[in-house]
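Down below is the structure, laid out as structure tokens.
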Amino acid sequence: MLSTRSRLQLVLAGVALVGTSAVAAGCGAPAGPSATPTALATGARPAIEADPPTDFLTRLREQRGLPPLPDSAPRTSADPYDQAPLLPSAGPGQLDPTFGTRGVTIIAFPGRSYGVHGLTVLRDGAIVAAGGDQTFQSGEFVLVKYRCDGTLDPDFGDRGRVVTPIPLGAGGGAQAIATAPKGKLVVVGTAGLGGENELGFAVARYLPNGELDASFGTGGIVVAPVGPARSAGASDVVVLPDGRILVAGGGNDADGNPGFAAARFLHDGRLDPSFGDGGSIVVPMPGGDAAGFALAVQRDGRIVLGGTAEDQGITSFALAQLTADGQLDRSFGTDGVVVEAFPDAGINGANDLVVDGKGRIVAAGVTGNPQEPGAFGLMRFRPDGSLDPTFGGGTGMVRTEFEGSAGTLGVVVRPDGGLVAAGQAWPNIALAGYQADGDLDEGFGDGGRTVTSVGPVSAATGVALQFGRRIVIPGLTGNDTLSDASFLVARYGLLPGPLPECCERTPSVNGLG
């Protein structure tokens, strides 16, 4: 199941926001009821086998790994962010100096290698980042909450941090996060089901203050089998308007064929029997291998799953569409599935999906060839699954190269209908801004691109908007092996105009205060 070509590995080999969009509101928007903060869990981490026994877990381990490229690999020439001139304000694609320190916050967990895999922006502009262990030796869900200006929220968990051991956690920690009604938070990942080689979707729900929600599952946590083979893992989550939880990732069908997996959970954590087959579905993909990473929901409730499919050594962008009740929508693409690759590119794959205001589906990921620098790859599809000829000069595809190997892990629709994609241009954070037709936005960053150097290695793992005026990216930074990886959140400018006063700090050079 794509055991050697997965999400971040595709980005780095030289070749996932529906749930994170902000709702415009002031800093005084209610954050939910107050309660006693949760203490930081510091006990022993759940043990897992050093050599994971299933292809799925191997792939999941690689999905969030950031192995360094050979010394000969091209590196970008970006200047370190903390040595750049301190600007009074941020233009489109420029670091926002009123957030954190020079636009960046870095939170280390001593003795751990933790990175952010996703974030959600709350109504009041606060940010909750979720992630886990980059070494995949621990299945802990790790959350950090920031005030709107990038400072830690001391009323959340233990001084802004929550670490939740997940029973039989499969490693890698939280893969995605979304907001739920009443200010609650839903976080997803992968955990064991108790049987040999059995893995399922792990879902945890938290109260606004970081405590696990005892009304959900067992003590706030659910680990559910997905698909008949009981071999699946979660990569993305959307909380539906009625509060039900839609989770997607990868899994195997009854014959062992890898595909895209989805499940829907009721308010109390039980699988929703009205969805799919008893609450879940696995969609086999064409070819001999597949990996599901992303999830988006159309206005009419139809569900789009995205990721990568491999056939005869060529990996492609792959999509599948489900009806609102979890059945394959055979009116989409070819019998419910779309597989597309960039011309002359042997390695392609979608890492994130977003649906724009016209119902068009944007898939963002990576494109390239082995032993050659990869690039940001974007495709836009019409609602029926066909490539959109109004995007990418009639092709429906856009390739954006950087200095060094690059790939995107997140995409978001701008208020003007354009796009922002975020990921990595080895070994730095990279963003690109696009107009609605897919052309680079020359007013964004440096001719449409932004590269930010934070430490020896850094990457953005997603992208979201804050009040529709600022870009917020989750990520990680660390040494060349990421053995000391830290949480990273950064904010960039997008549209002119101030945020609520509590969202903008006096630009500072040192510390978070």
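- Of the possible donor and acceptor atoms, one in the side chain of Gln424 sits under 3.5 Å from a partner among the backbone N and O of Ser458.
- Side chains of Arg123 and Thr179: a donor-acceptor N/O pair is absent below 3.5 angstrom, by distance only.
- Judged by distance alone, with hydrogens and angles left aside, the side-chain atoms of Ser231 form no donor-acceptor pair with the main-chain N or O of Gly251 at under 3.5 Å.
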Starting from the C-alpha separation in whole Å, work towards a yes-or-no answer on side chain to side chain contact (heavy atoms under 4.5 Å, CB included) for Asn252 and Val282. CA-CA 7 Å; Asn252 292 337; Val282 174; 5.8 Å; no
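- Of all non-hydrogen atoms in Val366 and Gly407, the two that sit nearest each other are CG2-CA, 4.1 Å.
- Among residues at least two apart or in separate chains, there is no ring-ring contact (aromatic ring centres under 6.0 Å, His included) pair with a member in residues 201-250.
- Note that CG of Leu295 and CG of Leu305 are 6.5 Å apart. Values are rounded to the nearest 0.5 Å.
- In this structure, the separation between CG on Asp272 and CZ on Arg244 is 5.0 Å, given to the nearest 0.5 Å.
- The side chain to side chain donor-acceptor pair (under 3.5 Å) test applied to Ser331 returns Asp329, not counting sequence neighbours.
- Two residues are said to be in side-chain contact when any heavy atoms from C-beta on lie closer than 4.5 Å; Arg360 and Thr390 meet this criterion.
- Under the rule for a side-chain contact (heavy atoms from CB on, under 4.5 Å), the partners of Asp437 that lie at least two apart in sequence or sit in another chain are Gln435, Asp439.
- If you look at Phe391 and Phe381, their ring centroids are not closer than 6.0 Å.
- Summarising the local packing, CG of Asp384 is surrounded by more than 12 heavy atoms from other residues, nucleotides or ligands at distances under 6.0 Å.
- Between Pro286 and Thr334 the shortest side-chain heavy-atom distance does not fall below 4.5 Å.
- Of all heavy-atom pairs spanning Ala234 and Thr190, the tightest one is N-OG1, 3.3 Å.
- Minimum interatomic distance between Gly132 and His117 (heavy atoms only, all atoms of both residues): N-CE1, 3.8 Å.
- The distance from the CZ atom of Arg380 to the CD1 atom of Ile361 is 11.5 Å, given to the nearest 0.5 Å.
- In this structure, Val362 and Leu353 have side chains that are not in contact, with every pair of non-hydrogen atoms separated by 4.5 Å or more.
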As a quick check of understanding, evaluate side chain to side chain contact (heavy atoms under 4.5 Å, CB included) for Val247 and Val226, giving each step before the final call. CA-CA 10 Å; Val247 184; Val226 173; over 6 Å; no
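- The CZ atom of Phe260 lies 7.0 Å from the CG atom of Leu319; values are rounded to the nearest 0.5 Å.
- Val186 places a side-chain heavy atom less than 4.5 Å from the side chain of Val203.
- Here the side chain of Thr308 pairs no donor or acceptor atom with the backbone of Ala291 at under 3.5 angstrom.
- In this structure, the side chain of Arg205 engages the main chain of His267 through a donor-acceptor pair within 3.5 Å.
- With a 6.0 Å radius and a threshold of 12 heavy atoms from other residues, nucleotides or ligands, Asp344 has its CG atom at or below the threshold.
- Nearest heavy atoms, Val116 versus Leu476: N-CB, 4.4 Å.
- Contact annotation: the side chain of Leu193 approaches that of Val223 to within less than 4.5 Å [non-hydrogen atoms, C-beta and beyond].
- Rounded to the nearest 0.5 angstrom, Ile245 CD1 and Arg264 CZ are separated by 11.5 Å.
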Would Phe265 and Phe275 count as a ring pair (Phe, Tyr, Trp, His ring centres under 6.0 Å) here? Give the steps. CA-CA 9 Å; Phe265 296 84; Phe275 182 87; 9.4 Å; no
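- Here the side chains of Leu328 and Leu322 are in contact, with some heavy-atom distance below 4.5 Å.
- Nearest heavy atoms, Leu271 versus Gly278: CB-O, 3.9 Å.
- Side-chain N or O atoms of Thr408 include one that pairs as donor or acceptor with a backbone N or O of Ala422 at under 3.5 Å.
- Under 4.0 Å is where a charged nitrogen must lie from a carboxylate oxygen, and between Asp356 and Lys358 no such pair does.
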Could you give me the CA-CA distance, side-chain angles and deciding distance for Asp133 and Ser113, then say whether side chain to side chain contact (heavy atoms under 4.5 Å, CB included) is met? CA-CA 5 Å; Asp133 187 2; Ser113 176; 4.1 Å; yes
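- The closest side-chain heavy-atom distance from Leu185 to Lys145 is not below 4.5 Å.
- Aromatic ring pairs are classed by plane angle as parallel below 30°, tilted from 30° to 60° and perpendicular above 60°; the pair Phe402 and Phe376 is tilted.
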Please determine whether side-chain hydrogen bond (donor to acceptor under 3.5 Å, both in side chains) holds for the pair Ser316 and Asn348, giving the CA-CA distance in whole Å, both sets of side-chain angles, and the decisive distance to 0.1 Å. CA-CA 5 Å; Ser316 300; Asn348 304 271; 5.2 Å; no
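- Looking at heavy atoms from C-beta onward, Pro181 lies in side-chain contact with Val239 at the 4.5 angstrom threshold.
- A pairwise comparison of heavy atoms in Ile281 and Gly326 identifies CD1-O, 3.2 Å as the closest pair.
- Side-chain atoms of Gln298 come within 3.5 Å of backbone N or O of Gly359 as a donor-acceptor pair.
- In terms of modelled atom types and a separation under 3.5 Å, the side chain of Thr477 and the main chain of Val457 share a donor-acceptor contact.
- For the atom pair CG of Asp236 and CG of Asn351, the computed distance is 11.0 Å after rounding to the nearest 0.5 Å.
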Is there a side chain to side chain contact (heavy atoms under 4.5 Å, CB included) between Asn369 and Ile347? Walk through the geometry before answering. CA-CA 5 Å; Asn369 285 297; Ile347 296 178; 5.9 Å; no
